[in-house]
Amino acid sequence: GKELSAQIRCGGDILKESKILSASYNHYLKHLFVLPLHHIFGFIAVFLWYSFFNTTFVFPESLSPEKIQEACLITEPTIIFAVPLFWETIAQKISNTVQARKIEKKFKKGIKFSLNVQKAFGLRGSKFARNKIFNDYIDDILGRSIQLGITGGAVISKSTLEIINGIGYPLCNGYGSTEIGITSFANPNNVKTRLSGAIGKPFKAFKYEIEPKGNNVNELKVFGEPTFHASFINGEWIINSHKEAIHTCDSIKYKNKNYFLDGRIDEVYINKNGENCNLAEKEADIYINYSLDTVLMLDKDNTLNLLVSYPKDVYDWEKYLGMKKFLSQKIYSSLEIKNIYITTLQFPKASHFKYKRKEIKNMFENQKDQFSIFNLDDYKNSVNLLKVNDSIVEKIISIFKEVCPNIEVKNDSDFFSNLGGNSITYFSLVEKIHEKFKVVLNLEDHLYRTPIEFAKAIQEELKIWRFS
């Protein structure tokens, strides 16, 4: 309990640093609960910190975007703590809407104007952005009540920070892990700090040290009483003395009196100019711009490959050519991708939020026969449509279109790869299908991705078949 009590005391540092939170404690504070309690971020930064201060917790009915939005509009929460994928999903939804309405230039001007207003007027500028500049759109996102968002647990892309802060939701970055708890977060009062992606200075209970690892890579080491109590090694509990550093395996930079996360050491790529490139951040940019589940993987010879989790029914070759151009020119400048590998395998995740990079690397090295250098014709010829009940397929397609508006849906369209879906919007799709057909599909053994796959599973449950 000593370590957890020390974590709770860190909440006082947040109140001293954040004008938003300290002001909120003088009246009513509502926290939207989108993180599971078994997640360290959810348990400490949400539950422990705020249950101590009489916070009201708002639990959405489910984690589907519709239910989260509904909870925001009905209950008007003031704070959201969430991992980067949550915010990147919001940013992607905004980007898709902007493209569908063909208002890209207008939106960019609005974001630029909003950020300038926030630089001049601080937090009042954020409120002005929500209620005036983006007044016509804000209720279709998370409503007007959000006063602060904090993210952590992985690298968040600069484009996501720009979009979320630009529309008027103050979003800043923080740092922590299961072993050390929550150790810092950036001061949210300054929009420049929020946009920089800085993780902030450590709370008083912690100390940061930087250990050079060579090739311009530096590992963050953390000291502090709130770190883990004990570790279980070879059948024996080893008590943590709190005197030795915790090696985080995270690459860090220190500049302008602030700390910046480069990502996991195995996620940092040294480009031709000798600069560090964070692979996770680039993957997030691909996700926002192309709605693709990708992992950038280094070969043993330090060449970079792009791994794409994609089904067999690939039709959009131009999309891939555009993505490769985007990678080599827009994101990386001097960085080049050696090969794009495609696989029908699903990339393992530690949760709904993070990829297990080591497992994916082992998968790539040990199951090379499951990865192919992308070839359009090979995948076109391998499409195999099942003979299923047409009416069921049509109903499922209509549900797909509800969740993925403004995108053409075919009976073999993959929800993730073709339609831009992700683990969060998938909740909404499954919920609507269960409600429509009054069945509950088993998603533990198989993840259904296309209307055909859903139709087959539903037919097996309902015992309806089309004989031909």
Side-chain angles (χ1 to χ4, degrees), residues 36 39 63 83-89 91-92 153-157 160 178 249-250 263-269 277-300 303-314 316 319-320 323-324 326-327 331 337-375 379 382 404 413-427 429-430 443-450 453:
H39 194 284
L63 291 180
V83 293
L85 179 58
F86 174 87
W87 299 107
E88 284 158 5
T89 300
Q92 184 198 36
V155 174
I156 187 168
S157 70
T160 295
T178 302
C249 295
D250 282 325
R264 304 293 291 173
I265 289 177
D266 60 358
E267 293 175 359
V268 177
Y269 179 77
C277 290
N278 178 260
L279 303 184
E281 183 178 349
K282 309 313 175 188
E283 292 161 2
D285 279 326
I286 298 170
Y287 176 74
I288 292 170
N289 287 279
Y290 293 91
S291 306
L292 291 171
D293 288 321
T294 61
V295 171
L296 287 158
M297 190 65 61
L298 288 169
D299 260 344
K300 293 178 180 178
T303 57
L304 197 61
N305 296 302
L306 178 67
L307 312 185
V308 184
S309 179
Y310 211 78
K312 293 183 178 180
D313 47 326
V314 178
D316 200 345
K319 184 174 183 179
Y320 270 91
M323 182 176 68
K324 191 169 185 180
F326 175 75
L327 286 170
I331 290 186
I337 303 297
K338 180 182 178 183
N339 288 310
I340 296 178
Y341 287 90
I342 190 167
T343 181
T344 57
L345 299 173
Q346 294 180 37
F347 295 149
K349 294 183 178 180
S351 64
H352 290 300
F353 314 119
K354 287 190 199 174
Y355 288 122
K356 293 183 177 179
R357 301 188 71 87
K358 288 184 178 179
E359 287 191 20
I360 296 172
K361 186 174 183 179
N362 290 334
M363 179 190 296
F364 181 57
E365 292 175 351
N366 300 327
Q367 301 182 55
K368 267 290 182 68
D369 59 324
Q370 298 293 320
F371 290 81
S372 302
I373 293 180
F374 183 75
N375 183 298
Y379 286 94
S382 65
C404 306
S413 295
D414 186 277
F415 180 75
F416 297 99
S417 304
N418 299 134
L419 307 178
N422 56 63
S423 59
I424 294 179
T425 54
Y426 191 72
F427 279 110
L429 178 72
V430 172
L443 300 177
E444 294 183 3
D445 299 329
H446 184 75
L447 188 67
Y448 306 103
R449 304 168 72 99
T450 68
E453 290 180 350

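Scope of the values below: all heavy atoms of this structure, side chains included, with no hydrogens, waters or symmetry mates.
Residue Thr425 holds its OG1 atom at 7.0 Å from CZ of Phe416, rounded to the nearest 0.5 Å. Rounding to the nearest 0.5 angstrom, the gap separating the OG atom in Ser309 from the CD1 atom in Ile360 is 9.0 Å. With rounding to the nearest 0.5 Å, the separation of CG in Leu429 from CZ in Phe415 is 5.0 Å. Rounded to the nearest 0.5 angstrom, Leu307 CG and Lys361 NZ are separated by 11.0 Å. Here the CG atom belonging to Asn422 is positioned 10.0 Å from the CD atom belonging to Glu88, to the nearest 0.5 angstrom. For the atom pair Phe86 CZ and Thr160 OG1, the distance stands at 12.0 Å (nearest 0.5 Å).
Between Asn418 and Asp414, the shortest heavy-atom distance links the atoms OD1-N, 2.6 Å. In plain terms, the two heavy atoms of Gln92 and Gly420 that are nearest each other are NE2-O, 3.4 Å. Across Leu85 and Ile424, no two heavy atoms sit closer than the pair O-CD1, 4.2 Å.
Not counting sequence neighbours, the partners of Lys368 by the side-chain contact (heavy atoms from CB on, under 4.5 Å) test are Phe364. Considering only residues two or more places apart in sequence or on other chains, Asp250 meets the side chain to side chain donor-acceptor pair (under 3.5 Å) condition with Tyr175, Arg264. For Phe347, the ring pair (Phe, Tyr, Trp, His ring centres under 6.0 Å) partners at least two apart in sequence or on another chain are Tyr355. With sequence neighbours left out, Gln367 forms a side-chain contact (heavy atoms from CB on, under 4.5 Å) with Leu345, Met363, Asp369, Gln370.
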